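All remarks here apply to the structure that follows.
Owing to the predicted nature of the structure, the values given are computational and were not obtained by experimental measurement.
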Amino acid sequence: MKLLTAATLIVASSTAFARPAPLVSIPTHDAFFNSIAAHCGKAFEGEVAVDNAKGPSSFTDKKLVMHVRKCSEAELQVPFHVGDDASRTWIITKTGSGLSLKHDHRHKDGTDDASTMYGGHTLDAGFAQMQSFPADQYSKELFVKQGIAQSVGNTWQMYIYPEVFTYRLIRQGREFKVDFDLTKPITPPSAPWGYKD
């Protein structure tokens with residue numbers, strides 16, 4: 001009898017630990033994430049709404065396309081194409097303590113750019129339509145190492161409404177914003193550099 005009880009306890013305890021831990025989230029983060037995921041597989045053209053950088057911009061006269069390319073319950077991969085440059089992918093991830101935004105930058109051969117995986121993490125609930133991602137510690141150290149210490153104050157923001165998706169970068173003295181028209185899907189581009197179709 002004791003042997004049977006011990007065996008039952010072992011089976012029960014191993015069953016209890018076989019299930020992965022739940023990925024927790026809050027309603028505003030879920031709503032924001034799900035609003036982007038609702039466009040999975042679609043691509044949209046955008047235009048620069050604000051860019052106060054001095055000198056010529058690498059975005060001038062280029063076709064700007066965001067592609068909500070791959071979606072899972074915990075991660076969204078959104079390549080951002082600038083003309084023929086397919087080096088950028090935004091990665092939005094549910095972390096269990098909020099949302100993370102990372103910028104995956106690759107070279108044409110798929111190798112990592114020296115400046116890659118920078119980004120930030122939400123610090124509060126945000127809103128169903130808007131989330132802010134202040135630069136995380138990895139990003140701050142990367143920026144200082146690369147000699148662009150002014151970027152440690154970066155905050156990235158994303159807005160999603162029924163008709164427009166906005167990507168925005170702000171810091172003291174700097175603002176860059178691109179608006180994408182969600183009412184007119186376009187033919188999705190090829191996979192970004194380093195990814196497969």
Side-chain angles (χ1 to χ4, degrees), residues 28-29 32-33 35-37 39 43-69 75-95 98-107 112-161 163-182 189 192-194:
T28 50
H29 292 161
F32 175 81
F33 187 96
S35 290
I36 298 172
H39 296 284
F44 306 94
E45 193 166 351
E47 61 181 27
V48 175
V50 178
D51 187 358
N52 67 353
K54 294 179 181 176
S57 170
S58 60
F59 295 86
T60 302
D61 300 325
K62 302 277 180 68
K63 184 176 181 178
L64 307 179
V65 175
M66 67 170 281
H67 178 199
V68 186
R69 183 172 177 270
E75 183 181 276
L76 305 174
Q77 295 177 3
V78 185
F80 174 38
H81 297 257
V82 179
D84 294 329
D85 184 339
S87 64
R88 303 167 177 88
T89 300
W90 301 321
I91 301 176
I92 304 162
T93 308
K94 289 185 179 183
T95 65
L99 296 173
S100 165
L101 169 65
K102 288 290 186 176
H103 298 74
D104 183 0
H105 283 219
R106 310 278 183 101
H107 295 291
D112 294 332
D113 190 275
S115 180
T116 191
M117 297 312 286
Y118 62 84
H121 196 281
T122 55
L123 299 180
D124 56 25
F127 301 92
Q129 301 83 9
M130 185 273 253
Q131 294 293 331
S132 291
F133 307 89
D136 58 27
Q137 191 61 33
Y138 166 80
S139 304
K140 291 176 182 180
E141 293 182 17
L142 178 68
F143 296 149
V144 170
K145 180 181 175 183
Q146 293 181 332
I148 51 171
Q150 68 274 16
S151 295
V152 300
N154 281 6
T155 294
W156 296 272
Q157 296 177 329
M158 288 182 165
Y159 306 76
I160 184 157
Y161 291 94
E163 297 183 353
V164 66
F165 174 87
T166 298
Y167 169 89
R168 183 180 186 222
L169 162 68
I170 53 171
R171 65 171 178 264
Q172 187 172 1
R174 178 77 173 108
E175 181 179 7
F176 174 76
K177 184 166 80 105
V178 183
D179 293 328
F180 297 88
D181 185 351
L182 299 181
W193 299 344

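Of all heavy-atom pairs spanning A125 and T28, the tightest one is O-OG1, 2.7 Å. Listed here is the closest heavy atom pair of E75 and F33: N-CZ, 3.6 Å.
With values rounded to the nearest 0.5 angstrom, W193 atom CH2 is found 10.0 Å from D113 atom CG. Once rounded to the nearest 0.5 Å, the distance linking OG1 of T122 with CG of L101 reads 10.5 Å. To the nearest 0.5 Å, atom CG of residue D179 and atom CZ of residue F165 are 10.0 Å apart. Distance check: E175 CD to D51 CG gives 9.5 Å after rounding to the nearest 0.5 Å. Between the CZ atom in R171 and the OG1 atom in T155 there is a gap of 10.5 Å [rounded to 0.5 Å].
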For this session: Any chance you could lay out the ring pair (Phe, Tyr, Trp, His ring centres under 6.0 Å) test for H39 and F44, step after step, and finish with the verdict?
Result: CA-CA 10 Å; H39 296 284; F44 306 94; 5.3 Å; yes
Problem set entry | Worked check of side-chain contact (heavy atoms from CB on, under 4.5 Å) between M158 and Q131 | CA-CA 6 Å; M158 288 182 165; Q131 294 293 331; 5.7 Å; no
Problem set entry | F143 vs N154, side-chain contact (heavy atoms from CB on, under 4.5 Å): CA-CA, chis, key distance, verdict | CA-CA 10 Å; F143 296 149; N154 281 6; 4.0 Å; yes
Exercise. Are L64 and V82 close enough, and set up right, to give a side-chain contact (heavy atoms from CB on, under 4.5 Å), and what steps lead you there?
Worked result: CA-CA 5 Å; L64 307 179; V82 179; 3.8 Å; yes
Exercise. Please walk me through it: do I160 and L182 pass side-chain contact (heavy atoms from CB on, under 4.5 Å)?
Worked result: CA-CA 9 Å; I160 184 157; L182 299 181; 4.1 Å; yes
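In this structure the side chain of Q77 never reaches within 4.5 angstrom of the side chain of P192, judged on heavy atoms. Counting heavy atoms from C-beta outward, L99 and K94 have side chains that approach closer than 4.5 Å. Counting heavy atoms from C-beta outward, K140 and L142 have side chains that stay 4.5 Å or more apart. When side chains are defined from C-beta on, R69 does not count as touching V78, because their heavy atoms never get closer than 4.5 Å. Side chains of H81 and T89 form no contact here, defined as non-hydrogen atoms less than 4.5 Å apart.
Of the options D136, T93, T116, a side chain to side chain contact (heavy atoms under 4.5 Å, CB included) to K102 is made by D136 and by none of the others.
Classified by interplanar angle (parallel below 30°, tilted 30° to 60°, perpendicular above 60°), the ring pair Y118/H103 is parallel. Ring orientation note: the planes of F176 and F59 are tilted relative to one another, at an angle of 30° to 60°. A tilted orientation is assigned to the rings of Y167 and F80, their planes being inclined by 30° to 60°.
Within a 6.0 Å sphere centred on CG of N52, heavy atoms belonging to other residues, nucleotides or ligands number more than 12. Heavy-atom contacts from other residues, nucleotides or ligands closer than 6.0 Å to CD of E47 number 12 or fewer. Residue-environment remark: OH (Y138) exceeds the threshold of 12 foreign heavy atoms within 6.0 Å. At most 12 heavy atoms of other shown residues, nucleotides or ligands fall within 6.0 angstrom of atom CD in E163.
Salt-bridge formation is detected for the pair R106/D112: a Lys NZ or Arg NE/NH1/NH2 atom is positioned less than 4.0 Å from an Asp or Glu carboxylate oxygen.
H29 places a side-chain N or O within donor-acceptor distance of the main-chain N or O of D124, the cut-off being under 3.5 Å. A distance-only check finds no donor-acceptor pair linking the side chain of S100 to the backbone of H121 [under 3.5 Å]. Judged purely by atom type and a 3.5 angstrom limit, Q146 uses its side chain to pair as donor or acceptor with the backbone of A114.
Among residues two or more places apart in sequence or in another chain, the side-chain hydrogen bond (donor to acceptor under 3.5 Å, both in side chains) test is passed with Y159 by Q157, R168.
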